[in-house]
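What's counted below: heavy atoms across the whole structure, side chains too, no hydrogens, waters or symmetry copies.
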Amino acid sequence: FVAGSIGGVLIHVAGLDLPLVELAIALSVIGIGGMLAFARRVLPVAAWGVAFVAAGAFHGHAYGEAVIGAEASAIAQ
C-alpha cells in the first residue's frame, strides 16, 4: 500500500491523472475493508497484493492533489 501511495504521488507530480480517483478510493475502502472485516478468503495472496498496491496508488494520487501546490502555511500548521 505504501509503495502504491508513493507511486500515486509520483504519478500526480508527473502531471498524469488517474480516472475516478474518489470513486476508486471509496470502493477500495468498502471492498477491501469489508473483506478484511468478515475474514473472506475470496482472493489469493497475490491478488491481495495487487489490490493493496492499486488502492495505494489512488490514495497516493489524492494525497498528491491535496498537498502538491498547496500553500505552505496550510502544510506547516
**OP:** Determine which pairs satisfy ring-ring contact (aromatic ring centres under 6.0 Å, His included) with at least one residue from residues 1-37, sequence neighbours left out, and list them in order.
**Re:** Phe1-His59, His12-His61

Subject >> side chain to side chain donor-acceptor pair (under 3.5 Å) pairs, two or more places apart, involving residues 14-24 >> reply: none

Original post:
Other than Leu27, what residues sit in its cluster of Ile, Leu, Val, Met, Phe, Trp and Tyr side chains whose heavy atoms are under 4.5 Å apart, directly or through others?
Top reply: Leu20, Leu23

**OP:** Under the side-chain contact (heavy atoms from CB on, under 4.5 Å) rule, collect the residues that match up with Ala46, sequence neighbours excluded.
**Re:** none

Original post:
Which atom pair, heavy atoms only, marks the closest approach of Val9 to Gly60?
Top reply: CG2-O, 3.1 Å

Let me have the donor-acceptor pairs involving side chains of residues 32-39, under 3.5 Å, with sequence neighbours excluded, atom names and distances please.
none

Subject >> Linked hydrophobic residues, Leu10 as query - side chain contacts closer than 4.5 Å >> reply: Val2, Ile6

Original post:
Rounded to the nearest 0.5 Å, how far apart are CZ of Phe58 and OG of Ser28?
Top reply: 9.0 Å

**OP:** Apply side-chain contact (heavy atoms from CB on, under 4.5 Å) to Ile30 and list each qualifying residue two or more places apart in sequence or on a separate chain.
**Re:** none

Subject >> Smallest separation among heavy atoms of Leu18 and Ala57, with atom names >> reply: CD1-O, 3.9 Å

Original post:
Can you name the side-chain contact (heavy atoms from CB on, under 4.5 Å) partners of Val50, sequence neighbours left out?
Top reply: none

Original post:
To which residues is Val53 joined in a hydrophobic cluster, defined by side-chain heavy-atom contacts under 4.5 Å among Ile, Leu, Val, Met, Phe, Trp and Tyr, whether direct or through other members?
Top reply: none

